[in-house]
Amino acid sequence: LSQTYDGSPKPASVGTSPWVANVVLTYNGSTEAPVDAGSYDVVATITDPNYEGESTGILEIAKATAGVSLLDLLQTYDGSSKGALVETFPAGLDVTVNYSGSGDQPVNAGSYWVEATINDPNYEGSSSDTLVIQKALAGVSIGDLSQTYDGGARVVSISTVPGDLPVSVTYDGQTTPPVDTGTYTVEATVTDGNYEGSASETLEVAKAVVDIALSDLQPVYDGSAKPVSVTTTPAGLNVTVTYEGSSEAPVNAGSYVVVATIDELNYVGEATGTLEIGKAAATVELVDLAVTYDGSMKSAGVLTVPADLGVSVLYNGSSDLPVNAGSYSVEVTIEDQNDIGGTSGTLTIGKAPAQMELDDLSATYDGTAKSATVTTTPEGLNVTLTYNGGSDAPVNAGSYFVDAVINDPNYEGLASGTLTIGKATVPVELDGLTATYDGTAKSATATTTPEGLNVTRSEERRVGKECRSRWS
């Protein structure tokens, strides 16, 4: 009464005692032996002329064990439902399949416990396994990888295929986007239940360009260092300043190439200019501008404030110091690295006083010109002599006012005196000194040597009968 379905009729077997050949079996009232699995009420009735009897029982035709195989257990999400492929042995049997307890085939990626159970009147069997729906591969692109610092977070842009998938982004392993300049490894990973994918790129955050303005580029030398002023936009940034390559601000007057460079993590910028430290105005005074010739070179005295500055001095345009008496235009120019100035004036080298002595101031007329002689100290100086204001030496007897004037470029002097030319003594011979009265005037005659001189009777007197006269 216990059999297993195999597709053939399953009659019950009957035994009688004594053995009787004619027994009629019915299965749920039918004389045909059942084929399909199930429970059947069996009635065995003896149909023999000599015997009678009846027996009942239940025929159990158990379901045959069918083989069940689960296939296609690894699939990839595509938005459609995913079911395992079920094969039965024998083939074609109806199977009920549940996925983690649900009869609906899953759609989303994940792991599902699959239970497949034969649903057939004659077969039984089941199988279980895990259906894995893998995440679909999504495309991930990272953009905005070259950015410039602006004080805010530098966030890359992410695009996915399909679009709008959730993505986790890290910057050098941190979820917080960077702010400062630098190079950052960006990892973008899809965090969707049904898609997976990632991308890796490098984010470059460049320094922001800063405007730099240089000022105080034209100070005047005062002995202290002269740094330039630097203004940045934005304000307050650290700046390295060099002057002709040195970090020290210059002190001395001159031109200096200035380079100002931003020294910041997040900013970059440079400016160049020229620092012109002007020379300070110095005061120049000329002294000792009136001197007297003595045969040595003469220079003007120069005083500067501040003291002891180097100067260039020109006399009538020449650097040579003058010696001779005269007036010289003096031009003084400060020659100093840090100071500027100048002045002008006139250096006067006065003539030196010379001494003179007049000689030969007494002479006797002899018909030749008579001139005084002059001795000078120092010797040999040129002297101009005038006689009563004239330059010609006198000839005739008389007194003449003599002026002697030094005529020399470097000496001066005056002297005066009187040149006296005495009359020469001339012999006079008188004739006609004896005469006889005749009632007419009687006169003597005078002969002079040299001849022809005028003779005047200057005195007459009687001595007795004589008349005595003086002639000149």
Side-chain angles (χ1 to χ4, degrees), residues 1-136 193-196:
L1 293 177
S2 294
Q3 298 188 51
T4 299
Y5 173 82
D6 61 7
S8 62
K10 298 299 178 185
S13 61
V14 179
T16 62
S17 178
W19 181 84
V20 177
N22 295 320
V23 178
V24 175
L25 294 172
T26 62
Y27 303 89
N28 289 343
S30 173
T31 59
E32 292 182 5
V35 175
D36 295 327
S39 294
Y40 297 89
D41 290 329
V42 180
V43 177
T45 303
I46 293 176
T47 59
D48 186 89
N50 298 311
Y51 293 94
E52 66 179 357
E54 185 179 87
S55 179
T56 62
I58 296 175
L59 172 62
E60 295 283 351
I61 302 177
K63 292 182 178 183
T65 300
V68 182
S69 295
L70 295 175
L71 305 174
D72 290 340
L73 293 174
L74 181 62
Q75 300 189 44
T76 301
Y77 172 84
D78 63 4
S80 63
S81 59
K82 301 296 179 186
L85 177 63
V86 181
E87 291 184 351
T88 62
F89 302 96
L93 299 179
D94 186 29
V95 180
T96 297
V97 183
N98 288 320
Y99 299 88
S100 294
S102 172
D104 296 331
Q105 290 184 340
V107 174
N108 294 324
S111 294
Y112 299 88
W113 182 248
V114 182
E115 292 181 313
T117 304
I118 297 294
N119 184 21
D120 188 88
N122 296 311
Y123 290 94
E124 66 180 359
S126 66
S127 181
S128 62
D129 208 334
T130 300
L131 169 65
V132 176
I133 302 177
Q134 300 179 114
K135 292 183 178 183
N194 295 313
Y195 291 93
E196 64 183 0

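Positions are given from 1 along the sequence. Keep in mind that the numbers below use all heavy atoms, side chains included, and drop hydrogens, waters and symmetry copies.
Atom CG in Asp48 sits 5.5 Å away from atom CG in Asn22 (nearest 0.5 Å). Separating the CD atom in Glu115 from the OG atom in Ser102 is a distance of 12.0 Å, to the nearest 0.5 Å. With values rounded to the nearest 0.5 angstrom, Leu85 atom CG is found 11.5 Å from Leu131 atom CG. Rounded to the nearest 0.5 Å, atoms OG1 (Thr65) and CD (Glu124) are 5.0 Å apart. Note that CD of Glu52 and CD1 of Ile46 are 8.5 Å apart. Values are rounded to the nearest 0.5 Å. From Ile133, atom CD1 reaches atom CG of Asn108 across 7.5 Å, with rounding to the nearest 0.5 Å.
At a cut-off of 3.5 Å, with distance as the only test, no side-chain donor of Ser2 or Glu60 sits close to an acceptor on the other residue.
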Can you give the donor-acceptor pairs under 3.5 Å from side chains of residues 7-19 to other protein atoms, not counting sequence neighbours?
unit_1: Ser8; atom_1: OG; unit_2: Asp6; atom_2: OD1; d: 2.5
unit_1: Ser8; atom_1: OG; unit_2: Asp6; atom_2: OD2; d: 3.4
unit_1: Ser8; atom_1: OG; unit_2: Lys10; atom_2: NZ; d: 3.3
unit_1: Lys10; atom_1: NZ; unit_2: Asp6; atom_2: OD1; d: 2.8
unit_1: Lys10; atom_1: NZ; unit_2: Asp6; atom_2: OD2; d: 2.6
unit_1: Thr16; atom_1: OG1; unit_2: Pro18; atom_2: O; d: 2.9
unit_1: Thr16; atom_1: OG1; unit_2: Val20; atom_2: N; d: 2.5

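With a 4.5 Å cut-off on side-chain heavy atoms, Val42 and Leu25 count as touching. Counting heavy atoms from C-beta on, the side chains of Val86 and Val68 come closer than 4.5 Å. Ile61 places none of its side-chain heavy atoms less than 4.5 Å from the side chain of Asp36. Within the 4.5 Å cutoff, no side-chain heavy atoms of Val114 are placed close to those of Asn98.
With Ser100 contributing its side chain and Trp113 its backbone, the two residues share a donor-acceptor pair below 3.5 Å. Judged by distance alone, with hydrogens and angles left aside, the side-chain atoms of Asn122 form no donor-acceptor pair with the main-chain N or O of Lys63 at under 3.5 Å. In this structure a side-chain-to-backbone donor-acceptor pair under 3.5 Å is missing from Thr47 to Val24.
The two residues Ala116 and Leu70 come nearest to each other via the heavy atoms CB-CD2, 3.6 Å. When all heavy atoms of Thr130 and Leu73 are compared, the closest pair comes out as O-CB, 3.5 Å. Contact record, Ser39 with Ile58: CB-CG2, 4.1 Å, taken as the closest heavy-atom pair. The shortest non-hydrogen separation linking Ala66 to Leu93 is CB-CD1, 3.4 Å. The nearest pair of heavy atoms linking Gln75 to Lys82 is OE1-CD, 3.2 Å. What you find for Tyr5 and Ala37 is that their closest heavy atoms are CD1-N, 3.9 Å.
Counting only residues at least two apart or on different chains, the ring-ring contact (aromatic ring centres under 6.0 Å, His included) pairs with a member in residues 76-101 are Tyr77-Tyr195. Screening residues 37-76 for ring-ring contact (aromatic ring centres under 6.0 Å, His included) gives no qualifying pairs among residues at least two apart or on separate chains.
The only member of Thr117, Thr88, Asn119, Ile118 that meets side chain to side chain contact (heavy atoms under 4.5 Å, CB included) when paired with Asp94 is Asn119.
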